[in-house]
Amino acid sequence: MSNKEVTLSIIKPDAVERDLNNEIKEMFKNKGFQIVKEKKIQIEKSEAEKFYKIHETKPFFNDLCTYLSSGPIVVMVLEKENAVLANRQLMGATNPKDAEEGTIRKKYGISIDKNSVHGSDSAENAKIEIDFFFKD
Ligand code: CMP
């Protein structure tokens, strides 16, 4: 049975700053993702705090929000069969040091903070995250 899904992807400031947008988008397209929406924006720290609210009790929360709001990002809605899981596989482990060959974070990630991309971790959160950036 077909399970076409959507997920939210963010190309983070470290990757946008290094002009890696097109390379990363090509990696998605080569894996069969369709980029159905996309925009380049810069968000306020308060918006990053809302977006990452799930992490608010973590010790890295403040740095994470400062970082995500530190420069332009590209937010995208990606569509594919089982998009949430497929995107997580293509991104690789959160820490680029642990990411497998062929993943975005292995190829472009610098550190656990500057790990180049974010992706929704469940279909439920994908809906919330897509609404966060694309609800008009
Ligand atoms: P992301 O998938 O965007 O979700 C939350 C982010 O927090 C994560 O990627 C990392 O970039 C960042 N982060 C920083 N420190 C940690 C940590 N110790 N564990 C998990 N994520 C971390």
Side-chain angles (χ1 to χ4, degrees):
M1 206 178 74
S2 155
N3 182 32
K4 265 235 162 142
E5 240 178 18
V6 284
T7 190
L8 183 90
S9 172
I10 302 177
I11 305 178
K12 294 187 180 184
D14 66 275
V16 175
E17 185 181 88
R18 286 176 287 153
D19 225 356
L20 295 171
N21 308 5
N22 288 336
E23 279 94 329
I24 291 175
K25 282 190 228 163
E26 279 307 304
M27 286 181 82
F28 286 123
K29 289 183 202 160
N30 289 340
K31 281 278 175 191
F33 287 93
Q34 243 189 295
I35 301 171
V36 294
K37 288 183 186 173
E38 80 170 275
K39 60 182 177 184
K40 188 174 181 182
I41 53 174
Q42 182 161 2
I43 60 172
E44 300 288 337
K45 188 173 179 189
S46 58
E47 295 174 279
E49 285 166 354
K50 261 190 238 163
F51 179 74
Y52 275 134
K53 193 165 178 25
I54 198 166
H55 295 301
E56 73 184 333
T57 60
K58 310 270 173 62
F60 55 83
F61 180 66
N62 185 55
D63 287 350
L64 174 62
C65 297
T66 299
Y67 169 62
L68 194 72
S69 57
S70 67
I73 58 176
V74 176
V75 289
M76 298 175 288
V77 176
L78 304 179
E79 186 177 74
K80 180 182 153 73
E81 299 278 307
N82 300 310
V84 172
L85 182 63
N87 180 35
R88 293 181 69 73
Q89 286 170 342
L90 180 55
M91 286 192 300
T94 306
N95 191 337
K97 276 197 289 193
D98 303 325
E100 284 178 33
E101 282 304 327
T103 63
I104 296 172
R105 285 169 170 163
K106 172 75 179 179
K107 199 162 179 199
Y108 298 122
I110 296 169
S111 66
I112 194 163
D113 304 295
K114 297 185 171 181
N115 62 356
S116 302
V117 279
H118 165 84
S120 310
D121 66 0
S122 65
E124 194 187 348
N125 281 335
K127 185 177 181 336
I128 295 168
E129 294 185 351
I130 290 167
D131 281 354
F132 184 91
F133 284 112
F134 289 100
K135 207 158 198 169
D136 308 311

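Because the structure is a prediction, the values reported are computed rather than measured. Just follow the structure's listing: the first ligand is 1, and inside any ligand the first atom is 1.
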For this session: Please confirm whether Ile112 comes within less than 3.5 Å of ligand 1 when only nitrogen or oxygen atoms on both sides are compared.
Result: yes
For this session: Could you establish whether Arg105 and ligand 1 come within less than 4.0 Å of each other, counting only heavy atoms on the residue side?
Result: yes
Problem set entry | Connected via hydrophobic side-chain network under 4.5 Å: Tyr67 and Leu8 | no
For this session: For atom 6 (C) of ligand 1, find the nearest protein heavy atom and state the residue, atom name and distance (0.1 Å precision).
Result: Leu64 CD1, 3.6 Å
Seminar exercise, completed: One finds that the ligand 1 atoms under 4.0 Å from a non-hydrogen atom of Lys12 are 1 (P), 3 (O), 9 (O), 11 (O)
Exercise. Considering only the protein, which heavy-atom contact is closest to atom 20 (C) of ligand 1, and what is its distance?
Worked result: Phe60 CZ, 3.8 Å
Exercise. If you look at every heavy atom in Thr7 and Ala126, which pair is closest and at what distance?
Worked result: CA-CB, 3.9 Å
For this session: Is it possible for you to say whether Met91 and Ile130 belong to one hydrophobic cluster, with membership spreading through side-chain heavy-atom contacts below 4.5 Å?
Result: no
Exercise. Which is it for His55 and ligand 1 at heavy atoms under 4.0 Å: side chain, backbone, both or neither?
Worked result: side chain
Problem set entry | Identity and separation of the nearest protein heavy atom to atom 14 (C) of ligand 1 | Asp113 OD1, 3.3 Å
For this session: Assess whether atom NZ of Lys107 is packed by more than 12 heavy atoms of other residues, nucleotides or ligands within 6.0 Å.
Result: no
Exercise. Can Ile41 be reached from Phe51 by stepping across I, L, V, M, F, W or Y side chains whose heavy atoms are under 4.5 Å apart?
Worked result: yes
For this session: For Lys58 and ligand 1, answer yes if some heavy atom of the residue is under 4.0 Å from a ligand atom, otherwise no.
Result: no
Exercise. Between Thr94 and ligand 1, is there a nitrogen or oxygen pair with a distance under 3.5 Å?
Worked result: no
For this session: Any atoms of ligand 1 less than 4.0 Å from a non-hydrogen atom of Tyr52? List them with their elements.
Result: 1 (P), 3 (O), 4 (O), 5 (C)
Exercise. Glu47 and Lys50: salt bridge (Lys or Arg N to Asp or Glu O under 4.0 Å), yes or no, with the steps?
Worked result: CA-CA 5 Å; Glu47 295 174 279; Lys50 261 190 238 163; over 6 Å; no
For this session: Could you tell me whether Lys39 atom NZ has more than 12 heavy atoms of other residues or ligands within 6.0 Å of it?
Result: yes
